[in-house]
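Just so you know, ligand 1 is whichever comes first in the structure, and atom 1 is the first atom listed for that ligand.
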Amino acid sequence: MSGPLVLGIETSCDETGIAVIEGYDVKSSVLSSQVDDHARFGGVVPEVAARAHVEAIRPLAHQAITRAGVHPDQLDAIAVTRGPGLVGALSVGYAYGKSLAYSLGKPLYGIDHMEGHLFAPRLSFAGYEPPAVVLLASGGHSQIVHVRAWGEYEVLGGTIDDAAGEAFDKLARFMGLGYPGGPAIDADAEGGDPEAIPFPRALKDRPFDFSFSGLKTSVTTYLEKAKEAGSLPPRSDVSASIQEAIVDVLVEKTFNAVESTGVQVVGAGGGVLANRRLREKLESEANRRGVGLFVPEAALCTDNGAMIASVAVDRLFSGFEPDALTLDVDPGLGLGS
Ligand code: KG4
Ligand code: ZN
């Protein structure tokens, strides 16, 4: 027995993710993606998301339990995302988690989605331990966090406007690359020249903060002018240059935090960490500086139930009290709040 057996439920946005983990061992992790439901709208429609979670959640939970080869009675706890996210989507998962906890007589832990991303590397690497600097970059949030100990977080900086994933999504939409934009730009950038167009890297004077709205303006202006002049560059060059501008800023600010805190451990999570160029650049910078880098496989970077369960495992190891079943979702939840 490597630790408590926890069922994790994630429904904060457009993926229903459910997993069973034992200690930090993933026994099963299943996902129902709503990408196709939202793609025709060019982004996530909250009402569509909530309805899709309702349809997916029960069969998916059944699948996660069956694949893990366990009986629900064996579970030590239920972990559910409490926020941040879309209120309707969160409520579906939270109500389902509460009812499971109540009917099975198991403790319930309401988890911060971003803490889930912050913990996800622990599922892949036993050596991922604080003190650490963690880059969190997803569709709704981008932050650099100094993890002094598990549960002790100092947010050093973050985006002052769009999240990194949001920047990818908006720019991809503008370029007609579809939704979600991150994977589309990642794929389109392949073979493109990342130095073709020197898009701006903003907030040079603020070591841990990012801003992506200027990049958006710069890309749209550049493309409009190039189109007018009849000199549009190959699209893969544009994608590679956009990607490089976002990645450069994320990497630079992360390592600014490493330098200023003196930590030797760097973690990263959130959907944007599925980006191949970002992973590559983080790795080469970590190697150059001789610090440990812990970025989980792409499927654990994007939303999933295992990362939510992993936070509850830590709570159980540390003897934390579970949450009252009267507690509700908190769409505005944030690390350090
Ligand atoms: O963490 P996540 O799955 O959901 C949220 O919590 O928001 O992150 C989703 C974001 C989207 O903006 C998506 O475009 C981005 O992660 N993303 C990527 C890649 N895969 C997903 N961004 C860049 N490159 C990728 N390969
Ligand atoms: Zn996420």
Answer yes if the side chains of Asp14 and Tyr179 hold a donor-acceptor pair under 3.5 Å, and no otherwise. yes
Tell me whether Asp169 contacts the main-chain N or O of Pro180 through its side chain, where contact means a donor paired with an acceptor under 3.5 Å. no
CA sep, side-chain torsions, deciding dist, call: Tyr109, Phe320, ring pair (Phe, Tyr, Trp, His ring centres under 6.0 Å): CA-CA 9 Å; Tyr109 288 89; Phe320 266 71; 8.1 Å; no
Check contact between His113 and ligand 1, using heavy atoms of the residue and a distance below 4.0 angstrom. yes
For atom 12 (O) of ligand 1, the protein heavy atom that lies nearest, with its residue and separation: Asp169 OD2, 2.7 Å
Those atoms of ligand 1 less than 4.0 Å from some heavy atom in Gly165: 12 (O)
Going by the order shown, which atoms of ligand 1 are within less than 4.0 Å of some heavy atom of Thr302? 3 (O)
Is there a salt bridge (charged side-chain N to carboxylate O under 4.0 Å, His left out) between Arg277 and Glu280? Walk through the geometry before answering. CA-CA 5 Å; Arg277 184 69 174 153; Glu280 205 176 276; 2.6 Å; yes
Using a 4.0 Å heavy-atom cut-off, which part of Asp186 comes near ligand 1: side chain, backbone, both, or neither? side chain
Any N/O of Gly271 closer than 3.5 Å to an N/O of ligand 1? yes
Which residues and atoms, counting only protein N, O or S, are under 2.8 Å from the Zn ion (ligand 2)? His113 NE2, His117 NE2, Asp303 OD1
Keeping the roles fixed (side chain from Asn256, backbone from Pro207), state whether a donor-acceptor pair exists under 3.5 Å. yes
Report yes or no: does a heavy atom of His117 sit under 4.0 Å from some atom of ligand 1? yes
What protein heavy atom sits nearest atom 4 (O) of ligand 1, and how far away is it? Asp303 OD2, 3.0 Å
For the student: nearest non-hydrogen atoms of Val48 and Gln34, plus distance: O-OE1, 4.4 Å
With a 4.0 Å cut-off on N to O distance, would you call Arg315 and Glu321 a salt bridge? no
Take every heavy atom of Gly140, measure it against each atom of ligand 1, and state whether any distance is under 4.0 Å. yes
Are any of the N/O atoms in Gly139 less than 3.5 Å from those in ligand 1? yes
Between the side chains of Arg51 and Glu47, is the shortest nitrogen-to-carboxylate-oxygen separation below 4.0 Å, so that they form an ion pair? yes
To the nearest 0.5 Å, what is the distance between CD1 (Ile308) and CD1 (Ile21)? 10.0 Å
State which residue, out of Ile242, Asp162, Thr221, fulfils the side-chain contact (heavy atoms from CB on, under 4.5 Å) condition with Lys216. Asp162
Under the side chain to side chain contact (heavy atoms under 4.5 Å, CB included) rule, collect the residues that match up with Thr326, sequence neighbours excluded. Ala324
Does the pair Arg288 and Glu285 meet the rule for a salt bridge (charged side-chain N to carboxylate O under 4.0 Å, His left out), with working shown? CA-CA 5 Å; Arg288 196 177 72 74; Glu285 194 56 26; 2.8 Å; yes
The protein heavy atom nearest to atom 22 (N) of ligand 1 is Gly182 CA, 3.2 Å
At a 4.0 Å threshold, what atoms of ligand 1 neighbour a non-hydrogen atom of Asn275? 23 (C), 24 (N), 25 (C), 26 (N)
